[in-house]
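Some notes on the structure that comes next.
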Amino acid sequence: MNASDRTPADLLRSALAADPARPLVTYYDDATGERVELSVATFANWVAKTANLLQDGLCAEPGERIALLLPAHWQTAVWLLACASAGVVADLDGDPADADHVVAGPDRLDEGLACAGGRLALSLAPLGRRFPAPPAGYDDYAVEVPGQGDRFAPYAPVEPGAPALAVRDRAGGRTELTGAALVDRARADAARRGLGPGSRLLSGLAWDDWDGVAAGLYAPLAAGGSVVLCPHLDRLAPEDLAARVGSERATHRADAV
């Protein structure tokens, strides 16, 4: 990857320039049987549309905080990079009462109502389906995002030293990282895991702290690799997990089973 990359959005741009057709995020939901594979180009298109929705739909301004009440999921990965693209702080599993806006999954809608700002709901259903009707107090992301532009340009430059991500640390507290610090940590995690260009990391870690989200997104992105995201590995028999490692050509693993 480009050594001059200083923000998560830079990492994605470099991946897009290097090989837009290669897989970047492959997602399995072993509770539903869903499998989604996103190339770099497809993932970047989702990021652009979501960043436009953030900037023009929610009117989120640089430095504002978005509480992401979302699990390890390909759409969560999109939101993390969209926030970075727009200069908005992605507060993963943050307190919605302290956030300027909130994005909530179907199991956390009541919690998200504590946010006084804009609210978007994600069904997290296969194929990114809409809710049958928008949940009370929310706009449906799947309704709002398709009409957004396929290219994104922030109204103000996103500085590497600006806050980009808030996430739990290993001690149970909260860590806030600038874009530059996030990229540095992602590169360090990639090196620690032995990831490099073409590496394919199968991760079953929850996104409840930095280690989980780094393995599930940032470290493979920083290394020029890809991720196979499997948040429900506990549902697989050992022989099925071994078969998946083989079929997905995973070169590295990070799982809790």
Side chain to side chain contact (heavy atoms under 4.5 Å, CB included) between K49 and D150, intermediate numbers included | CA-CA 6 Å; K49 284 180 173 291; D150 293 330; 2.9 Å; yes

Worked verdict on L122 versus Y138 for side chain to side chain contact (heavy atoms under 4.5 Å, CB included) = CA-CA 10 Å; L122 274 67; Y138 287 85; over 6 Å; no

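Between L70 atom CG and L92 atom CG the span is 7.5 Å, to the nearest 0.5 Å. Taking CG from D211 and CZ from R193, the interatomic distance works out to 6.5 Å, rounded to the nearest 0.5 Å. Taking CG of L217 as the reference point, atom CG of L201 lies at 11.0 Å (rounded to 0.5 Å). Interatomic distance, CG of D189 versus CZ of R185, reported as 7.0 Å (0.5 Å rounding). Taken from CD in E159 to OG1 in T178, the straight-line distance is 11.5 Å, to the nearest 0.5 Å. Within the model, atoms CG of D5 and CG of D184 stand 11.0 Å from one another, a figure rounded to the nearest 0.5 Å.
Distance alone, capped at 3.5 Å, is enough to place a donor-acceptor pair between the N52 side chain and the R151 backbone. For S247 (side chain) and A243 (main-chain N/O), a donor-acceptor pair under 3.5 Å exists by modelled atom type. Side chain of S123 to backbone of R129: a donor-acceptor contact under 3.5 angstrom is found. Side chain of H252 to main chain of S199: no donor-acceptor pair is present (N/O by atom type, distance under 3.5 Å, no hydrogens or angles). Side-chain N or O atoms of Q55 include none that pairs as donor or acceptor with a backbone N or O of A86 at under 3.5 Å. Panel note: side chain D140, backbone R130; no donor-acceptor pair is recorded below 3.5 Å. Under a 3.5 Å cut-off, the side chain of D100 and the backbone N or O of E64 do not form any donor-acceptor pair.
Listed here is the closest heavy atom pair of R253 and V245: CD-CG2, 3.8 Å. Taking each heavy atom of A166 and D91 in turn, the nearest pair found is CB-OD1, 3.4 Å. Nearest heavy-atom pair across P8 and A84 is CB-CB, 3.8 Å. Nearest heavy-atom pair across V102 and P96 is CG2-CB, 4.1 Å. Among all heavy-atom pairs drawn from D209 and V167, the shortest one is C-CG2, 3.7 Å. Heavy-atom minimum distance, R244 versus L236: NH1-CD1, 3.4 Å.
Linking Ile, Leu, Val, Met, Phe, Trp and Tyr whenever their side-chain heavy atoms come within less than 4.5 Å puts L53 and I66 in one cluster. L195 and W207 fall into different hydrophobic clusters, where Ile, Leu, Val, Met, Phe, Trp and Tyr side chains are chained together by heavy-atom contacts under 4.5 Å. A single hydrophobic cluster is seen to contain both V47 and V36, as judged by linkage of ILVMFWY side chains at heavy-atom distances under 4.5 Å, directly or through other members. When the side chains of ILVMFWY residues are joined at heavy-atom separations under 4.5 Å, either directly or via intervening members, V78 and L165 end up in a single hydrophobic cluster. Cluster annotation: F152 and Y141 are assigned to distinct hydrophobic clusters (Ile/Leu/Val/Met/Phe/Trp/Tyr, side-chain heavy-atom contacts under 4.5 Å, transitive).
Side-chain atoms of Y218 and V227, non-hydrogen and from C-beta on, never get closer than 4.5 Å to each other. Within the 4.5 Å cutoff, no side-chain heavy atoms of V88 are placed close to those of L58. With contacts defined as side-chain heavy-atom distances shorter than 4.5 Å, the pair L120/W79 qualifies. At least one side-chain heavy atom of Y27 sits less than 4.5 Å from a side-chain heavy atom of P231. Contact annotation: the side chain of T32 never approaches that of H232 to less than 4.5 Å [non-hydrogen atoms, C-beta and beyond]. Looking at heavy atoms from C-beta onward, V158 lies out of side-chain contact with S85 at the 4.5 angstrom threshold. L221 places a side-chain heavy atom less than 4.5 Å from the side chain of L24. Using a 4.5 Å heavy-atom threshold, the side chains of L124 and P106 count as touching.
Test L12, T50, L11 against L81 for side chain to side chain contact (heavy atoms under 4.5 Å, CB included) and you get one pass: L12.
Counting only N and O atoms by type, the side chains of E248 and Y28 include a donor and acceptor under 3.5 Å apart. For the residue pair R200 / S226, a side-chain donor-acceptor distance below 3.5 Å is found, with atom types taken as modelled.
Counting heavy atoms of neighbouring residues, nucleotides and ligands inside a 6.0 Å radius, atom CG of D110 does not exceed 12 of them. Atom CZ of R174 is surrounded by more than 12 heavy atoms from other residues, nucleotides or ligands within 6.0 Å.
Note: W74 and W46 have perpendicular aromatic rings, judged against thresholds of 30 and 60 degrees for the angle between ring planes.
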